[in-house]
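So that the names make sense, note that chain A is the first sequence line, chain B the second, and so on, each numbered from 1.
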Amino acid sequence: MPYYQTWEEFARAAEKLYLTAPMKVRVVLKYRHCDGNLRIKVTDDAVCLQYKTDQAQDVKKIEKLHGKLMRLMVSKESGAMDTD
Amino acid sequence: MVLLENDSFLTELTRLFQKCRTTGSVAITLKKYDGRTKPVPRKGHPESYEPADNKCLLRASDGKKKISTVVSLKHHVRKIGVGGWDMQIARLANVREHWLVGPILGSMYMNV
């Protein structure tokens, strides 16, 4: 599966894929400190979206997307907010 | 696969990152989880489980050791997101820049 060249395209495609199949989609992060790169994969076992980077500034972008997807998974469908 | 509480998972995740500084990789997987603990029944048998809608499963591995946790509340999501893997990577990425600078400066001195 090819790696996306731009972060924006990857993030848009990843969120769209999650919203079409929330129970099937998994997000995989793989970090290799010895090679200095971080890879992210979002897949529903039919479509596979991948992005890799060796730039420290991309870590923040990847973290935001990861957090956004986690929040989508944890929020109830009815839209009720947890009181923290 | 060890199923841990959120805080223990974060501690063990930190250990995984520290172990993999010189060699190896850390893989973190995130997936929506409906809370089922029994396998899906065969056709013809009634599904006796009410799926939950507000949980996700986080797994981490270094290739040998595997850990996992279930995240179900929004404030736990903030804790895992903020105090979790991105801080580990940011810290390690800063350390790596120092490692790169050393050899580059060394080779510059050698050429002079």
Review point. Chain A: which of B:Thr29, B:Val26, B:Leu30 shares the most heavy-atom pairs with it under 4.5 Å?
Key: B:Leu30
Check your understanding: Is chain B contacted by the side chain of A:Lys41, its backbone, both, or neither, given a heavy-atom distance below 4.5 Å?
Key -> neither
Review point. With sequence neighbours excluded, what pairs up with B:Glu5 under the side chain to side chain contact (heavy atoms under 4.5 Å, CB included) test?
Key: B:Ser8
Practice item. Could you check B:Lys65 against B:Asp62 for salt bridge (Lys or Arg N to Asp or Glu O under 4.0 Å), going step by step and ending with a plain yes or no? Key: CA-CA 6 Å; B:Lys65 188 176 161 87; B:Asp62 63 353; over 6 Å; no
Check your understanding: Are B:Asn54 and B:Ser72 close enough, and set up right, to give a side-chain hydrogen bond (donor to acceptor under 3.5 Å, both in side chains), and what steps lead you there?
Key -> CA-CA 6 Å; B:Asn54 60 342; B:Ser72 55; 5.7 Å; no
Exercise for review: Report the C-alpha separation of A:Gln5 and A:Glu9 in whole Å, then their side-chain angles, then the decisive distance to 0.1 Å, and conclude whether the side-chain contact (heavy atoms from CB on, under 4.5 Å) test is met.
Suggested key: CA-CA 8 Å; A:Gln5 297 303 315; A:Glu9 274 176 37; over 6 Å; no
Exercise for review: Count the heavy-atom pairs under 4.5 Å between each of B:Gly24, B:Cys20, B:Ala27 and chain A, then report the option with the highest count.
Suggested key: B:Gly24
Review point. B:Arg59, B:Lys31, B:Lys55: which one forms the most heavy-atom pairs within less than 4.5 Å of chain A?
Key: B:Lys31
